[in-house]
Amino acid sequence: MNVLMFGWEFPPNISGGLGTACYGIVKGLSECHDVHVTFVIPKSQGNELLAKKLQLISADKVNIGNESIPNITWRNVSFHQVQSKLVPYLTPEIFSQTQELYIEDEYIENKSLGIRIKFSGKYGPNLFDEINNYALVAKTIALENHFELIHAHDWLTFPAAVAAKKISGKPLIIHVHSTDYDRSGGAINPDIFAIEKQGMEEADKIIVVSNRIRNRLTEQYNIPNNKIVTIYNGIEAQTYESGELLRQPHKNKIVTFLGRITIQKGPEYFVDVARMIIHRMKNVHFVMAGNGEMRNKIIELSAKYGISNRLHFTGFLNGPEVTEMLHRSDLFIMPSVSEPFGIVPLEAMQANVPVIISLQSGVSEVIRNVIKTDFWDVHAMADAIHGILKYKKLSATLIAEGKQEVSKLSWNSPTSQIKQVYLNELLKRAS
Amino acid sequence: MKNICLYFQIHHPFFFQTFRFFDVGEAKTYYDTWRIEKEIQDAATNYYIPTNNYLLKLIHKYRGNLRLSFNISGTALDQFLIYRPELFTSFRQLADTGLVEFTSSTDSQSIVSLSEQKDECIQSIKLSQERTEYYFGQKPKLFVNTDLLFNNRIAEISAEAGYSSILTNGTKKMLQWRSPNYLYSAENQEHTLVFFRNENISDKLSTILHNPDKVEALKQMKELLAALNDIQIDEPIINIYLNYKALGGTNRFDKQRLFQTFVSTVIKKQICDFNLPSLVMEQYGPISEFGTTEPVCWTEHFHSDYYPGNELQKEAINQLFKLSQKVENTYDNNLKIDWKNLQTSDHFHLMDENHPDYKSNYSSQNTFKSKYDAFINYMNILEDFRLRLKANKDQQKSLKIHHKPRPPLEKHQQTVTFGGKIDHSFA
C-alpha cells in the first residue's frame, strides 16, 4: 500500500523527538515489503537519512501553479500575522534566526503567492504562515501522487493532511506525538488548539504515543475513546564498539539533564534537586544540555542559589554530542512536567546510564527498570540521585536490567501495529 | 489413616515509612505508625477476634476431632502488646483447649538465617520459642522459619537451637518425584525431621477461601476434598499452611461456611484426621533423607524465586549484617529493637519486582513505586541506624565506668518502646 506521510522534520535536521520518531516509523515501515511511504517535509536540506523505500518530497520544490487560496483552508484560524511566540520547540538560536526572517517577511508580504512557496523548515513565529502554505502545497501533492492512506505527524502537518484528505477522499490517520497542553505547561495557544482539535476530528483514526496522551485527547479535546489507538514508540538499537562504554572511573560524578530548557521539561525542578544534592554531597556535578526559552532564567536561578560552579550548561547538542554526553554521565534525569513519550531516557539506558524519570511521562508506562518519581517531588528525586551515586549495586542493577529491557523495545512492534491500523482503515473503507 | 496438620500464620511487620537521605541523622522515626496501627486494628477487629471465637465454637462442636496450629511472628506479638492486648486472651483460650498448638519462628520474622551470623540466629530462634511459651503456655516443638526458609545450614542451626523438626515448603523443584506428604530427615542432621507444606492443597484451599463466591467455591471445595480423598492411604501427613486472614474479613460468614464444609466433610467421611505436628512427629518416622544447599522458601503474596534473591536484596542483607558486631556491643535498648525490626523479611520482599505492590503501574497507596525505591529507602534507614550506633559507641566510651554490655534480652523482659513505653505485666 502507498502511504502519503506528512512530517515537519527528518533526521539529521531535528530539534526534538518528533524527527527521531518519524525516522523510526518510516524505517520500520520500509522494512515491510508491501508498504511504500511518500514522506513530505516542508524543506529538504538535502542530507536527510533516506530509508530504503522512502520517497522524500520537499514542499518547496512543488509547483502549485497560479491558483488562488482554495476554500479548504482553516476557517476559524487566521493565518496572517499571528505574532504569538508560544510556538513549539523554540530555541534562542532559532528564535533569533526566525526573527530576522520575520522582519523580511513583513517587507515581502503579499508577494509570497508566487509559483513556488519558500519554506524555512524551522520553527519560528512565521510558523502559521508556513503551515498554511504547506496545506496549499499538500493539495498539489495529493493530486500528483498515488496513495491509499494519509498519515500525519503532529499539529504542524494537520492542515496539510486534512487538505490532502479533502482533495483525495482517502482515509486520514493522525499521529499525536504531543499536544499543546504538554508543550505549554497548560497555558495553551488557542490557535494551535483549534488546529489540533480540527485535525483530530477530521481524522479517521488517531494514533497516540501513550495512554497519557489518550486521556488528554478524551478529556481536553473531546475525542471518543474508540477512535484512539495507543502505540508506544520504539527505539533504534544502538551498537557500541566494545570498550566505548567502559567508563573511566571518575572522581566526579555527573548528573545530566538533556532536553529543551522549557517549562514542559521541568528544568526548575532539576535546579532544585541540584541544590539539595550539592549541599550534601561532594564531587557531584550537574549538567544541563540543551537550550530553550527558560535558559536565562535557569542560569539566574543557579546563580541565586550559589551553585553555578557545579551546575554547567552546554547549549544545544547534536547527535554525536548527545551520545558523548550520555557516555560521560553517571545518571540521567528527566523531570518533565508533562512528557507525551520521551525517547531520551531509552537512549540513556542504551548507553548504560541509570535513569530517573517523572511519572508524568508516557515512557514511564512502558519501562520498569528506572526510578520514577513525581516531577514536583524533589525530595524523592534527590533521594534517588543520592542512592544511585552512592550504592554501586543499585546503579549496576539499574544499568544491567535497564539495558536488557530497552533492547526489547525495538521499532518492529510499533510499526507492525501501525501497519495493522492501516489495514483496518482500508478494510473499513472497502466494506 | 492420613493426618492433616492445619497451620495458620499471623505476621505483621513494622512497616517503614518514606525515609529520605535528608532525614538521616535527624532523629526521625523509621516506622509508618499510621499504617501499622491501621493494619493491626483492622486485622484484630475484622479477622482475629471473630475467627478465634468461631474456631473455639468449632473445636467444641467437633469434640476433639479438630486440631489446629498457629505460627505467630514476634513482630505480630509486639503489635498485639501495643495495640490489642486482648488478642492474647483470645489466643490463650484456644491454647487452653489442648487442641491448638503454637509453633515458633525467628523473633521478628528475621532473615538472619540467611546471614553468616549463626549465634545471633540461634539467639533469635530461642527468644521466639521462649516468648511463645510465655504467652501461650506451651513449648513449641516445630520450627517454622521465616517464609518457611530451609536449607542444610538452617537445619543445622535449628538443631543447635534445640528443635528436632522443621517445616518448609514442598516445592516441586526441590522435591521432584518425592511426595510432600511424608516426613523426611535432614541430610546433615539425621535427628531433625522435615515437614513439607503441601503446596498444591494449601494454595487451593487459600484461593477458595479468598473468593467465597458461593456456587463456584462450593464446587471447588468438593474438588479439593476429592483430591484429599485420592491421596494414598499410606501418605501420613498433609501439611496445610495458610495465612490466618483467609478465615476472616467482612465476608467472613461465607468463608466460615466453606471452612465448616471442609472440616465437617473431612471428619464425617473420615478422609483424614486433624492432627498436631507434635503428635505426628512422635507417631511417624522419616521415610528418607532430604537436603539442599539452595534455600527453599514460601511467601504468601507472590510466587518468586526470591531467595537467595537479586543483587539488591543480597547487598542489603550484606550491609545489614555488617553492623551485627556493633549492635552486640551496645546496650541501648532502642537500638536493639530497631535492629530486630530491620531484619524483618518484608522489607526485603519489597526489593523484588514481583511484589504485588508493583503490579499496577501507579498507585498512590503504596509507599514504594519500585524495588529501587524500596532499596534506597532501606539503605537510608540503615545509614541512619549506623550513625546512631556510632554515636552510641562514642557515648559509651566517654563514660568513666565501663559498663559491660547487657546479656541478650531475656525472655519477655524486653520493654516495647515503640509508640511509647508499655508495661505488659497484665499477662
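Values reported hereafter were calculated over all heavy atoms of this structure, with side chains retained and with hydrogens, waters and symmetry mates removed. Labels below follow one simple rule: chain letters A, B, ... track the order of the sequence lines, proteins then strands, and each chain is numbered from 1. Quick caveat, the model's predicted, so the values are computed rather than measured.
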Peer 1: Of all residues at least two apart in sequence or in a different chain, which pass the salt bridge (charged side-chain N to carboxylate O under 4.0 Å, His left out) check with A:K390?
Peer 2: B:E383

Peer 1: Do B:D119 and B:Q123 have a side chain donor and acceptor closer than 3.5 Å?
Peer 2: no

Peer 1: Where on A:A380 is there a heavy atom nearer than 4.5 Å to chain B: the side chain, the backbone, both, or neither?
Peer 2: both

Peer 1: Measure B:F22 against the heavy atoms of chain A and call it side chain, backbone, both or neither at under 4.5 Å.
Peer 2: both

Peer 1: Using heavy-atom distances under 4.5 Å, tell me whether A:A382 contacts chain B through its side chain, its backbone, both, or neither.
Peer 2: both

Peer 1: Parallel, tilted or perpendicular, judged at 30° and 60°: which one describes the rings of A:F270 and A:F257?
Peer 2: tilted

Peer 1: According to salt bridge (charged side-chain N to carboxylate O under 4.0 Å, His left out), who are the partners of A:D383, at least two apart in sequence or on a separate chain?
Peer 2: B:R20

